[in-house]
**Q** 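Please see the structure below; I have some questions.
Since we're looking at a predicted model, the values are computed, not measured.
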Amino acid sequence: MDQDYEEAFELLYKYDEKTPTEGTVLKEEEAKSFYLEKINKLKEYHYKLKDYDIINIRKEDGHTSFAEMILTFEVDGQEHEVSETIDEWNGKAWIIESEDPFVNFRNGKMGFDLENAEPEFYFMD
């Protein structure tokens, strides 16, 4: 939320779409460069995280925990609220489920066609 993308990169679990639990084949420098390109795409939409609220910690199979959150973000000055589920994987945050149409521009997914990427859907309240 402080727009500290360098720190956010360090906290995110980075992964490739086809083999997410195996991480990414990109070297750290390549992954960081790609992530910052994704952030630049977010900036084109005037996207900004505003707030979040952890509403539940869900436990599955006795040891796996997921944080269920409400995320508030702004696009072109309009605020939106969506739900999001975060997992911890190898000590990093993994956004595993989100209603945010811009999630792929701020999550740890690596190696997709960023040049032609658009939000999954764009909505207006």
Side-chain angles (χ1 to χ4, degrees):
M1 292 189 335
D2 295 331
Q3 314 307 305
D4 187 348
Y5 302 113
E6 301 274 333
E7 182 181 354
F9 174 79
E10 296 302 323
L11 299 174
L12 275 177
Y13 173 67
K14 277 72 85 183
Y15 62 94
D16 294 331
E17 188 170 16
K18 293 184 181 189
T19 56
T21 59
E22 295 177 20
T24 182
V25 297
L26 296 178
K27 294 178 182 169
E28 188 77 4
E29 294 165 1
E30 295 170 317
K32 188 172 190 175
S33 176
F34 185 73
Y35 176 75
L36 294 175
E37 286 179 46
K38 292 183 353 167
I39 294 303
N40 285 335
K41 191 89 163 171
L42 272 182
K43 290 177 180 179
E44 291 176 17
Y45 289 99
H46 307 283
Y47 180 101
K48 185 176 181 180
L49 287 177
K50 300 293 280 183
D51 199 11
Y52 69 92
D53 185 26
I54 298 172
I55 57 172
N56 187 34
I57 302 295
R58 185 178 78 223
K59 292 194 182 278
E60 291 186 7
D61 61 29
H63 60 82
T64 306
S65 297
F66 300 94
E68 296 176 344
M69 305 168 43
I70 298 295
L71 182 75
T72 304
F73 65 92
E74 185 179 284
V75 176
D76 287 329
Q78 279 195 308
E79 280 194 9
H80 305 277
E81 283 190 355
V82 294
S83 66
E84 188 160 276
T85 304
I86 308 291
D87 187 14
E88 180 271 328
W89 192 265
N90 293 336
K92 305 283 184 171
W94 184 357
I95 303 170
I96 59 170
E97 190 174 288
S98 181
E99 293 177 344
D100 180 357
F102 298 88
V103 69
N104 285 333
F105 300 108
R106 62 180 179 80
N107 66 12
K109 186 187 293 186
M110 299 283 124
F112 60 92
D113 182 8
L114 183 58
E115 189 170 309
N116 295 311
E118 295 295 329
E120 291 183 22
F121 62 91
Y122 191 79
F123 58 91
M124 301 296 282
D125 287 72

**Q** What about Ile86 and Phe66, same hydrophobic cluster or not, with Ile/Leu/Val/Met/Phe/Trp/Tyr joined at side-chain heavy-atom distances under 4.5 Å?
**A**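 Unlinked, Ile86 and Phe66 end up in two clusters.
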**Q** Test side-chain hydrogen bond (donor to acceptor under 3.5 Å, both in side chains) on Ser83 and Glu99; report intermediate values, then the result.
**A** CA-CA 6 Å; Ser83 66; Glu99 293 177 344; 3.3 Å; yes
**Q** Say you draw a straight line from CG of Leu71 to CD1 of Ile54; how long is it, rounded to the nearest 0.5 Å?
**A**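 If I round to the nearest 0.5 Å, the distance is 11.5 Å.
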**Q** For the atom pair CD1 (Ile57) and NZ (Lys59), what is the distance rounded to the nearest 0.5 Å?
**A**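 Taking CD1 in Ile57 and NZ in Lys59, the distance rounds to 8.0 Å.
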**Q** Checking the side chain of Lys14 only, and the main-chain atoms of Leu12 only, is there a donor and an acceptor separated by less than 3.5 Å?
**A**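 Such a contact is found between Lys14 side chain and Leu12 backbone.
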**Q** Name the orientation class of the two ring planes belonging to Tyr45 and Phe105 (parallel below 30°, tilted from 30 to 60°, perpendicular beyond 60°).
**A**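 Plane angle between 30° and 60°, so tilted.
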**Q** Quick one: pull up OG1 in Thr85 and CE in Met69 and give me the separation to the nearest 0.5 Å.
**A**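 Between Thr85 OG1 and Met69 CE, I get 9.0 Å after rounding to 0.5 Å.
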**Q** What's the verdict on side-chain contact (heavy atoms from CB on, under 4.5 Å) for His46 and Val75, showing C-alpha distance, side-chain angles and the deciding distance?
**A** CA-CA 5 Å; His46 307 283; Val75 176; 5.8 Å; no
**Q** Closer than 4.0 angstrom, basic N to acidic O: yes or no for Arg58 and Glu68?
**A**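 A salt bridge links Arg58 with Glu68.
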**Q** How does the hydrophobic cluster around Ile70 look, that is, which other residues are in it when side-chain heavy atoms under 4.5 Å mark a link?
**A**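 Once heavy-atom contacts under 4.5 Å are chained together, Ile70 belongs with Ile55.
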**Q** What pairs meet the salt bridge (Lys or Arg N to Asp or Glu O under 4.0 Å) rule with one or both residues in residues 103-117, with sequence neighbours excluded?
**A**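 Listed by first then second residue: Glu17-Lys109, Glu84-Arg106, Asp100-Arg106.
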**Q** Return the set of residues passing side chain to side chain contact (heavy atoms under 4.5 Å, CB included) with Asn40 (not counting sequence neighbours), or none when no residue passes.
**A**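 With neighbours one apart ignored, the set is Lys43.
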**Q** Once rounded to the nearest 0.5 Å, what's the spacing between atom CE of Met110 and atom OG1 of Thr24?
**A**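 Between Met110 CE and Thr24 OG1, I get 6.5 Å after rounding to 0.5 Å.
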**Q** I need the single residue from Tyr47, Phe102, Phe73 that forms a ring-ring contact (aromatic ring centres under 6.0 Å, His included) with His80. Which is it?
**A**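 Testing each of Tyr47, Phe102, Phe73 against His80, the sole residue satisfying ring-ring contact (aromatic ring centres under 6.0 Å, His included) is Phe73.
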**Q** If I take atom CG from residue Leu36 and atom NZ from residue Lys41, how far apart are they, to the nearest 0.5 angstrom?
**A**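 One gets 15.5 Å once the value is rounded to the nearest 0.5 Å.
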**Q** Spell out, yes or no, whether Phe112 and Ile96 are grouped together once hydrophobic residues are joined by side-chain heavy atoms under 4.5 Å, including indirect joins.
**A**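 No, because Phe112 and Ile96 fall into different hydrophobic clusters, even though each may have its own neighbours under 4.5 Å.
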**Q** Write out all pairs satisfying side-chain hydrogen bond (donor to acceptor under 3.5 Å, both in side chains) with one or both partners inside residues 86-95, taking only residues at least two apart or from two chains.
**A**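 Those involving residues 86-95 are Tyr13-Trp89.
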**Q** Linking I/L/V/M/F/W/Y whenever any side-chain heavy atoms sit under 4.5 Å apart, do Tyr15 and Phe9 land together?
**A**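 Tyr15 and Phe9: separate clusters.
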**Q** What residues join Leu11 in its hydrophobic cluster, counting side-chain heavy atom gaps under 4.5 Å, either direct or through other members?
**A**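 The other cluster members (ILVMFWY side chains, heavy atoms under 4.5 Å, direct or chained): none.
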**Q** Output the distance between atom CD (Glu79) and atom CD (Glu74), rounded to the nearest 0.5 Å.
**A**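 Result: 6.0 Å between the selected atoms.
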**Q** Using atom types as modelled and distance alone, determine if a side-chain donor or acceptor of Asp4 lies under 3.5 Å from a backbone N or O of Glu7.
**A**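 Present.
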**Q** Would you say Glu97 has more than 12 foreign heavy atoms packed within less than 6.0 Å of its CD?
**A**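 For Glu97, atom CD is not crowded (no more than 12 foreign heavy atoms under 6.0 Å).
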**Q** Please tabulate, for the side chains in residues 27-35, all donor-acceptor contacts under 3.5 angstrom to protein atoms that are two or more places apart in sequence or on a different chain.
**A**
residue, atom, partner, partner atom, Å
Glu30, OE1, Lys27, N, 2.8
Lys32, NZ, Glu6, OE1, 2.6

